[in-house]
Amino acid sequence: MSVHIKGPPLMSITISSSLTIYLFISPIMTALIDFTQPTFYLTIAHILFNPIYWNTVARAEYNSHVLTKIAGNNAYRGCYGLAVSIFSLGLTRDYLYHIALLQQPSHPLLGSALVKLISVGLFIAGNTLVLSSMWALGVTGTYLGDYFGILMKERVTGFPFNICDNPMYIGSTCTFLATALWYGNPAGVLLSAIVYVVYKIALTYEEPFTAMIYSNKDNKKN
């Protein structure tokens, strides 16, 4: 069956190309990933929700000090409370991710010893980036203390920040991908890609806002 859509030549070409790509990719994707599993979509929802949550709550704190007030006007307690909630959401997201992978098909190409070895390397590298970042930043530096007025005295430039700008996000993505490869799971690879994209989008909001906070700090000093 052919479908003819009238319109400008460029639009017609775009629609035709998109349809061709979709018809080619769709059978392949459905063979690799079980899109009927609810846990697949719940995991995506959780991946999307987490950065929306911590950015929304942190900005509410910066603008109205809502968490500080709830914590008895103690910024540190408010930050620790946010840290507990973010850490807990990370645990539930990771648990749901593992459940989703167990319900997805594996692929023979991802079942080789080499892929297993790569997954182990990624897991070690990812956790090293995450844990060393937390060690360098401390609890308040890790969990958005800047939004509570708990500012770092100076920029952290040592490991792992001397090898990449956002080691926690990169490390987290690596551990997601490592787990997907360990299970030989194409769905996990796709979910890991979603994690990466979501973090990149989150950074477009977080980095300018954090820069503004420290710029205001410097302006007050002057």
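Please read all numbers here as calculations on a predicted model, not as lab measurements.
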**Report entry** Criterion side-chain hydrogen bond (donor to acceptor under 3.5 Å, both in side chains) on Asn166 and Tyr199, from CA distance to verdict
**Finding:** CA-CA 10 Å; Asn166 300 287; Tyr199 282 157; over 6 Å; no
Query - Glu206 vs Tyr147, side-chain hydrogen bond (donor to acceptor under 3.5 Å, both in side chains): CA-CA, chis, key distance, verdict - result: CA-CA 11 Å; Glu206 294 171 5; Tyr147 293 73; over 6 Å; no
Query raised in the report: Do Val120 and Trp182 pass the side-chain contact (heavy atoms from CB on, under 4.5 Å) test, and can you show the C-alpha distance, the side-chain angles, and the key distance before you say yes or no?
Result: CA-CA 8 Å; Val120 171; Trp182 180 262; 3.8 Å; yes
Report task. For the pair Tyr214 and Met152, evaluate side-chain contact (heavy atoms from CB on, under 4.5 Å) and give the outcome as yes or no after the intermediate values. Result -> CA-CA 9 Å; Tyr214 280 91; Met152 305 287 291; 3.5 Å; yes
**Report entry** Worked verdict on Leu32 versus His107 for side-chain contact (heavy atoms from CB on, under 4.5 Å)
**Finding:** CA-CA 7 Å; Leu32 296 175; His107 194 278; 3.2 Å; yes
Query raised in the report: What's the verdict on side-chain contact (heavy atoms from CB on, under 4.5 Å) for Leu181 and Leu110, showing C-alpha distance, side-chain angles and the deciding distance?
Result: CA-CA 6 Å; Leu181 294 178; Leu110 298 177; 4.1 Å; yes
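At a cut-off of 3.5 Å, with distance as the only test, no side-chain donor of Ser119 or Tyr183 sits close to an acceptor on the other residue. For the residue pair Asp34 and Gln103, no side-chain donor N or O sits within less than 3.5 Å of a side-chain acceptor on the partner. Side chains of His98 and Asp94: no donor on one and acceptor on the other come within 3.5 Å.
In Tyr205, the OH atom is not crowded: 12 or fewer heavy atoms of neighbouring residues, nucleotides or ligands sit closer than 6.0 Å. The environment of Phe209 atom CZ is dense: over 12 non-hydrogen atoms of other residues, nucleotides or ligands sit within 6.0 angstrom.
A continuous path of ILVMFWY side-chain contacts below 4.5 Å connects Ile118 to Leu177, so both sit in one hydrophobic cluster. Side-chain heavy atoms closer than 4.5 Å link hydrophobic residues (I, L, V, M, F, W, Y) into clusters, and following such links, even through other members, never connects Ile170 to Met134. Under the 4.5 Å side-chain heavy-atom criterion for grouping Ile, Leu, Val, Met, Phe, Trp and Tyr, Ile52 is not connected to Ile194 through any hydrophobic cluster. A continuous path of ILVMFWY side-chain contacts below 4.5 Å connects Ile86 to Leu91, so both sit in one hydrophobic cluster. Ile44 and Phe176 end up in the same hydrophobic cluster when Ile, Leu, Val, Met, Phe, Trp and Tyr side chains are linked at under 4.5 Å.
Using a 4.5 Å cut-off on side-chain heavy atoms (C-beta onward), Tyr41 and Phe35 make contact. In this structure, Asn162 and Thr157 have side chains that are not in contact, with every pair of non-hydrogen atoms separated by 4.5 Å or more. Inter-residue side-chain proximity for Tyr169 and Lys200 is flagged as unmet; no heavy-atom pair is nearer than 4.5 Å. A heavy-atom distance below 4.5 Å is found between the side chains of Tyr97 and Ser192. Using a 4.5 Å heavy-atom threshold, the side chains of Phe49 and Leu89 count as touching. Side chains of Gln104 and Ile33 form a contact here, defined as non-hydrogen atoms less than 4.5 Å apart.
Among all heavy-atom pairs drawn from Leu137 and Thr142, the shortest one is CB-OG1, 3.6 Å. Taking both residues in full, the closest heavy atoms of Cys79 and Tyr143 are given as SG-O, 3.4 Å, listed atom of the first, atom of the second, then distance. Minimum heavy-atom separation, Ser172 to Thr175: O-OG1, 2.7 Å. Among all heavy-atom pairs drawn from Leu101 and Asn185, the shortest one is O-ND2, 2.8 Å. Annotation for Leu191 and Ile47: closest pair O-CD1, 4.1 Å, computed over non-hydrogen atoms. Residue Leu82 comes nearest to Val57 through the heavy atom pair CD1-CG1, 3.8 Å, listed as atom of the first residue, atom of the second, then distance.
One finds the CZ atom of Arg93 at 12.0 Å from the OG atom of Ser88 (value rounded to the nearest 0.5 Å). Atom CG of Leu122 is separated from atom OG1 of Thr179 by 9.5 Å, given to the nearest 0.5 angstrom. Between Leu151 atom CG and Ile213 atom CD1 the span is 7.0 Å, to the nearest 0.5 Å. Rounding to the nearest 0.5 angstrom, the gap separating the OG1 atom in Thr39 from the NE2 atom in His46 is 13.0 Å. The structure places CD1 of Ile99 at 9.0 Å from OG1 of Thr43, a figure rounded to the nearest 0.5 Å. Interatomic distance, Tyr53 OH to Ser85 OG, rounded to the nearest 0.5 Å: 3.0 Å.
Ring pair Tyr80/Tyr76 is tilted by interplanar angle, where 30° to 60° counts as tilted.
Side chain of Thr128 to main chain of Ile124: a donor-acceptor pair is present (N/O by atom type, distance under 3.5 Å, no hydrogens or angles).
For residues 59-68, the side chain to side chain donor-acceptor pair (under 3.5 Å) pairs, not counting sequence neighbours, are Glu61-Thr68, Tyr62-Asn216.
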